[in-house]
Amino acid sequence: MVGAVVYPLSGTADLSRIEAPVTFKAYLLCGFAAFGGIFFGYDTGWMSGVLGMPYFITLYTGLQYNYKTGEPVDVPKTEFGLPSSQKSLMTSILSCGTFFGALIAGDVADFLGRRPTIIIGCLVFCVGCILEIISTNQEVLFVMGRLVSGVGVGFISAVIILYMAEVAPRKVRGALVSGYQFCITLGILLANCVTYASSNRNDTGSYRIPVGVQFLWAIILGIGLFILPESPRYYVMKGKIDLAARSLSQVRGQPLDSDYIKDELAEIVANHEYEMQIIPQTSYIGSWIACFQGSLRKGNSNLRRTLLGSGMQMMQQLTGINFIFYFGTTFFQQLGTIQNPFFISLVTTLVNVLSTPISFIAVEKLGRRVLLNWGGVGMVITQFIVAIVGVTEGRPEAQNDAAVKVMIAFICIYIFCFASTWGPVGWVIIGECFPLPIRSRGVGISTACNWFWNCIIAVITPYMVGNTPGSANLGPRVFFIWGSLCIGSTLFAYFLVPEMKGLTLEQIDTMMEETTPRKSRSWKPTSTFAAQMGRVRDEKGSANQQEFAPESEP
């Protein structure tokens, strides 16, 4: 091909040259991809507000509300709300959809690519939103809309993390992937702002406006993904080295014939060859089974990695954070001690948003393990304080405003501890810990695990804190449960999560093979995969002349 750049698949043994310098373009690319977190966060946030809206409650229960006095008619304020069973179904069904969406997304992402999968997720999400909007008091139609929307969110939540981890520069990968969690918190805040503004409307606009706003996020992300480049690692996995080079050039902001592009591409290819020797291609079923192969005692076994990613997402959900964002408004209403539950929910989401950017710097300066361990300790302490105050001076009959303020303050501190540590780092870890041959399925399984436990919490929590017949009516005592579970999360991080700060995705494979999680912080790479696979070029660049000439991207 006349005028084409030829790609010899030989790289360098110089560890400092296996990735191009970080450019502003890389920040913009990953920043836009992180926008997918808006879907996750906004859908979490608006459901909490809608469940507490007077019009929505009247629509589904028949209980009347006086909008002039701001009081329910003929029922106590603490009993004006949806039954626990309805709240459980309407909230948890989204997570059921996302569970299956995340699992399916792994296959679609490997077959069609990372970008098309996210775009498909946007389209499916829009269909679900339409079903939610056209429902009035038809519970089945509303629930079906939530289920379909969940499938779309599952596609997006799984593949966005996969895409960002594969294109982000190693030096700022943790910070950029943390941007996904920031967008989740921003989505929750936006949802609370919209529901707060429409909460007192005496018409269907009270809940249809918050639902309809979601179309904007789908349009922005779907259109933007047509512009962004595909993941170069996806092309390497497909054997399309020419397209991988073009994509890598776009992602790194370097010329196509740059030595940085040649060296990083050679490193990715060499690592893929090494991994394929360990994880050979098998049947479709075999490719899923591969995620669970190996020994628990080997740090780099696929089984160990899958349990790490899935366990990380399970422990993130068991911190109880989604209890606040799914049921915060209705929980504050049931306490009977807070005058404006919608406003307090807005305050908690604002704390969530403002706390998350701390992780952008901390995750790269302090590392993943430090944030997880200290964040876990902070959540344990604050949740037990909320529970203790809530069952003593914070009870409704005590009429102690100071105690109620203390509870709200420590709930905010708890949110700070989560938002700056476990929230973002949970997503960073699953994007980093899987080898390329099983990465899409590994991330899909881990994300599905997040949504599975999200669904479990959404199902059982209304019965834990509800005051309707058949519910436990735990009230603030529920924080004893969340605090105890946070102890387990902290121990999980201390013993099982390795430090991945500053390493390429390829170097993480070697680190997990050579050291233990508690010693991983001191591990340093000593060679490149290109050197290990005999693909280091000499000074004239003449070694291993297996060459690929670029083709046009289809």
Side-chain angles (χ1 to χ4, degrees), residues 15-23 26-27 30-31 34 161-162 164-182 233 252 264 267-268 271 299-300 304-305 308-309 311-313 315-316 355-378 417-436 439 442-443 446 489-490 492-529:
L15 289 166
S16 66
R17 290 194 59 82
I18 57 174
E19 189 173 271
V22 182
T23 63
Y27 286 107
C30 290
I161 292 298
L162 176 64
M164 292 181 68
E166 290 188 344
V167 303
R170 58 172 172 159
K171 294 180 180 178
V172 291
R173 186 178 58 245
L176 292 177
V177 176
S178 295
Y180 177 75
Q181 175 66 20
F182 176 70
R233 287 177 168 88
R252 296 290 180 252
E264 183 172 358
E267 182 73 359
I268 295 172
N271 173 256
N300 71 327
R304 184 77 173 263
R305 293 170 190 254
L308 170 61
M312 192 71 214
Q313 291 297 298
M315 293 299 174
Q316 186 196 63
S355 303
T356 304
I358 294 174
S359 67
F360 295 176
I361 298 175
V363 73
E364 300 298 353
K365 294 294 184 181
L366 301 178
R368 283 66 161 156
R369 282 177 56 83
V370 171
L371 290 189
L372 291 174
N373 291 330
W374 285 106
V377 171
C417 292
F418 175 86
S420 58
T421 60
W422 273 83
V425 178
W427 296 108
V428 173
I429 295 297
I430 68 167
E432 295 178 333
C433 69
F434 294 101
L436 183 57
R439 184 170 294 142
V443 173
S446 300
S489 298
T490 306
F492 177 89
Y494 181 76
F495 288 106
L496 298 176
V497 178
E499 183 56 70
M500 307 177 192
K501 175 173 73 79
L503 302 177
T504 66
L505 296 180
E506 289 68 41
Q507 290 169 346
I508 289 172
D509 294 339
T510 306
M511 179 271 293
M512 295 182 73
E513 183 177 357
E514 294 180 354
T515 188
T516 63
R518 283 186 289 171
K519 296 179 181 179
S520 58
R521 189 175 180 85
S522 59
W523 185 88
K524 302 294 181 185
T526 56
S527 65
T528 65
F529 270 95

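Basis for what follows: all heavy atoms, side chains included, without hydrogens, waters or symmetry-related copies.
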Cation-pi geometry met for R518 and F495 (6.0 Å, 45°): no
CG on L371 to CH2 on W422, rounded to 0.5 Å: 11.5 Å
Salt bridge present between E166 and R233 (N-O < 4.0 angstrom): no
Heavy-atom side-chain proximity of L308 to M512 below 4.5 angstrom: yes
Donor-acceptor pair, side chain of Q507 and main chain of T504, under 3.5 angstrom: yes
Cationic N near anionic O, under 4.0 Å, K501 to E364: no
Any donor-acceptor pair under 3.5 Å from S359 side chain to S420 backbone: no
K524 vs M511 side-chain heavy atoms within contact, under 4.5 Å: no
Interatomic spacing from CH2 in W523 to CD in E514 - rounded to 0.5 Å: 5.5 Å
Any Q316 side-chain heavy atom under 4.5 Å of V425 side chain: no
Distance, nearest 0.5 Å, that separates CG of L372 from CE of M315: 12.0 Å
All ring-ring contact (aromatic ring centres under 6.0 Å, His included) counterparts of F434, not counting sequence neighbours: none
Residue W374 excluded, over 12 heavy atoms near CH2 under 6.0 Å: no
Nearest heavy atoms of S520 and P517, plus distance in Å: OG-O, 2.6 Å
Gap separating the CZ atom of F360 from the OG1 atom of T356, nearest 0.5 angstrom: 7.0 Å
Heavy-atom pair of closest approach, residues P169 and L176: CD-CD1, 3.9 Å
V370 side chain reached by E499 side chain, heavy atoms, under 4.5 Å: no
R368 side chain near P498 side chain, heavy-atom distance below 4.5 Å: no
Whether over 12 other heavy atoms sit under 6.0 Å from L366 CG: yes
L505 CG to R173 CZ distance, which is reported to the nearest 0.5 Å: 4.5 Å
Backbone of I508 reached by a side-chain donor or acceptor of E432 within 3.5 Å: no
Minimum heavy-atom distance between M164 and Y180, given as atom pair plus value: SD-CB, 4.3 Å
Side-chain donor/acceptor of R305 to backbone N/O of C433, under 3.5 Å: yes
Polar side-chain atom of S446 near backbone of V443 as donor-acceptor pair, under 3.5 Å: no
Inter-residue atom distance Q313.CD - I430.CD1, 0.5 Å rounding: 4.0 Å
Side chain to side chain, P525 and L503, heavy atoms closer than 4.5 Å: yes
Exam field: side chain Q181 to backbone W427, donor-acceptor pair closer than 3.5 Å: no
